[in-house]
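Data first, discussion second: the structure below is written as structure tokens.
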Amino acid sequence: MCGIVGYIGKQQAAPILLDGLAKLEYRGYDSAGVCVYGENGFEVAKVKGRLAGLNEMIDGGAAMRGSLGIGHTRWATHGAPSQRNSHPHISTNGKISVVHNGIIENYLILKEYLLAHGKSFVSDTDTEVAANLLEYYYELEGDLLAAARRAVEKLAGSYALGILCADCPNTLLAVKKDSPLIVGFGHEENFIASDVPAILRYTREVVYLNDGDMVLFRDGEAEFYNKLGEEVEKIPEHISWEMSAAEKGGFPHFMLKEIFEQPKALRATISDRVKGGRVDLGDVHLSPEYLRGIRRIYIVACGSAYYVGCVGKYILEKTCRIPVEPILASEFRYSEPVLGDDTLVIIISQSGETADTLAALREANELGAHTLAIVNVVGSAISKAAHDVIYTWAGPEIAVATTKAYSTQLSVLYLLALYIGDLLGTLSVEEYEAMLHALNKLPDLLADMLTEDYLAHIKQLAAELKDNHDVFFIGRNLDSATCLEGSLKLKEIAYVHSEAYAAGELKHGPISLIEDKTLVVAVAGVPELFEKTMSNVKEVKARGAEVLGLTTADLEDEIKKTVDRYLLVPKTHPLLQPSLNVVPLQIFSYYMALARGCDVDKPRNLAKSVTVE
Ligand code: G6P
């Protein structure tokens, strides 16, 4: 987590750094800081809390003069959110200033060593160790690049570091390992940043650094070095997407904007991959021979991406007749998974940089499985490490709570199910055509749902239900997987305690928690299980629960016989129904969060990109 940005050029650095940090706040917002190299050397400003506080403190950047600087927005790992622990960190003798994204795992050993060699510390962070280690070697070597090379040899863990040296007024150094870092080339100015939106206003020419790469900007020139220390040439890539994709565009929140972007994102993800009535996944390496040898599929991911995998289990098992196990990346990597060349490991990640997911992917690669990543961020670590990658074309997702990434990830699983089911012959022609037809229609069906009236209805429900402290989401089969996501949404942005339970399982414990007026959200979108779920609804109603039901429009007359309130979605192919069912749950959480006065896009304690274990 954490976002870093750096600028070297001819303009005033501070406003550019603040602007860049504003685009990186999704990575963490516990504190923010900048360091500008001005006439009198380093000038540092940092505040606990949101970037707005820093903006105010330095008058939008006008209060700091200098055209070289680094900035940081923090998600606290080592040490509480405080000004003292905020970046940038300055080394003991004031020679080095550092911003860091990642975790220095051996920081305690290094700290001890540095303390014994005259360095002092003011913060609890691992980053200050990097600053002092760089200074220690700089004092020995007398050269910043040489010092950085020696320092990174000693660092264990993950890092993207932006580094300034008090003796080098025209120099910005950056190095990365296992944390993302891009370099941007402008006219007489250069940038470093954790992510493209931070610098897109200034340049579209970027280089994605590889692990172990260093870049040294010195007197207007950029020098790149690989992990062996060899100077290398880097060819910039052109970013073609528009800045508006990462702006609110008239919506009050990114989350609402992204909910509305789902039809477009689905269209983009699906349409290129359907050619002549068939799913075409380009150069993905899944031959019929290989697929026939597969004994098991793992779907590995974290958070909502994992919940996509939980839906995927039902879809892939039904269409491909291969056992599918969704598993959390943080569990997979330490579970000695049983896999080899007869296992397909599907990795799902919006950011492509989630630490546990990346580690699980590497583990799967090492154990000899074929790995296929479903990723949104082009050029991200996970997209590079997997054997195959299928991109979701959702565009930048800024709200911490995912919506359009979730939906597009699910659509890729449908494509995969069709593709594999077809190659294996486990899907009949009729089934294949029906599912593909429904998939093509999905974006329009979703777009039709997002009317003003639909949203107003859900907003009204949220206003009525906002004071519930405990919510249970229940459903069966595919719906139970959708419930996981609906429940997570409510927790993360509306701060409502909620649990998702397979409806049939409720009476094995959680039903004891149902009291008068406890809210139960019952998702009943699987037609053949509708009555079963309604039986479970009756059980909780008998114990005083208030029930919000969700089903397809054709079952309106049925559901209203049993529940207190209900939400309807259009009917589609049964296997695709979760794609529509999740949408009102996203909107419900959004309005619950608003009604409860929560910060929808930046919920407390969270960050969008989780680059720590
Ligand atoms: C965070 C985000 C979730 C996301 C999860 C995994 O918790 O808030 O929306 O599903 O990380 O992230 P990834 O980038 O790997 O999909």
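We count ligands from 1, going down the list as the structure has it; atoms in each ligand are counted the same way.
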Say whether [X], considering both its backbone and side-chain N or O atoms, lies within less than 3.5 Å of an N or O atom on ligand 1.
X      : answer
Ser349 : yes
Ala401 : no
Gln409 : no
Glu492 : no

Which atoms of ligand 1 are found less than 4.0 Å from any heavy atom of [X]?
X      : value
Thr402 : 9 (O)
Ala305 : 10 (O), 16 (O)
Ser351 : 13 (P), 14 (O), 15 (O)

Task: Qualifying residue, where the test is side chain to side chain contact (heavy atoms under 4.5 Å, CB included) with Ile182 and the options are Val207, Ile199, Leu209 - done: Ile199
Task: N-O pairing of Arg201 and Asp19 below 4.0 Å - done: yes
Task: Salt-bridge contact Asp213-Lys177 (side-chain N to carboxylate O under 4.0 Å) - done: no
Open item on the list: Is the distance between the ring centroids of Phe472 and Tyr501 under 6.0 Å?
Closed with: no
[atom] - nearest protein heavy atom and its distance:
atom                    : answer
atom 8 (O) of ligand 1  : Val400 O, 3.0 Å
atom 5 (C) of ligand 1  : Cys302 O, 3.7 Å
atom 12 (O) of ligand 1 : Thr354 OG1, 3.3 Å

Can a donor-acceptor pair be found between the side chains of [X] and [Y] at a distance below 3.5 Å?
X      : Y      : result
Asp470 : His497 : yes
Thr392 : Asn376 : yes
Thr408 : Thr269 : no

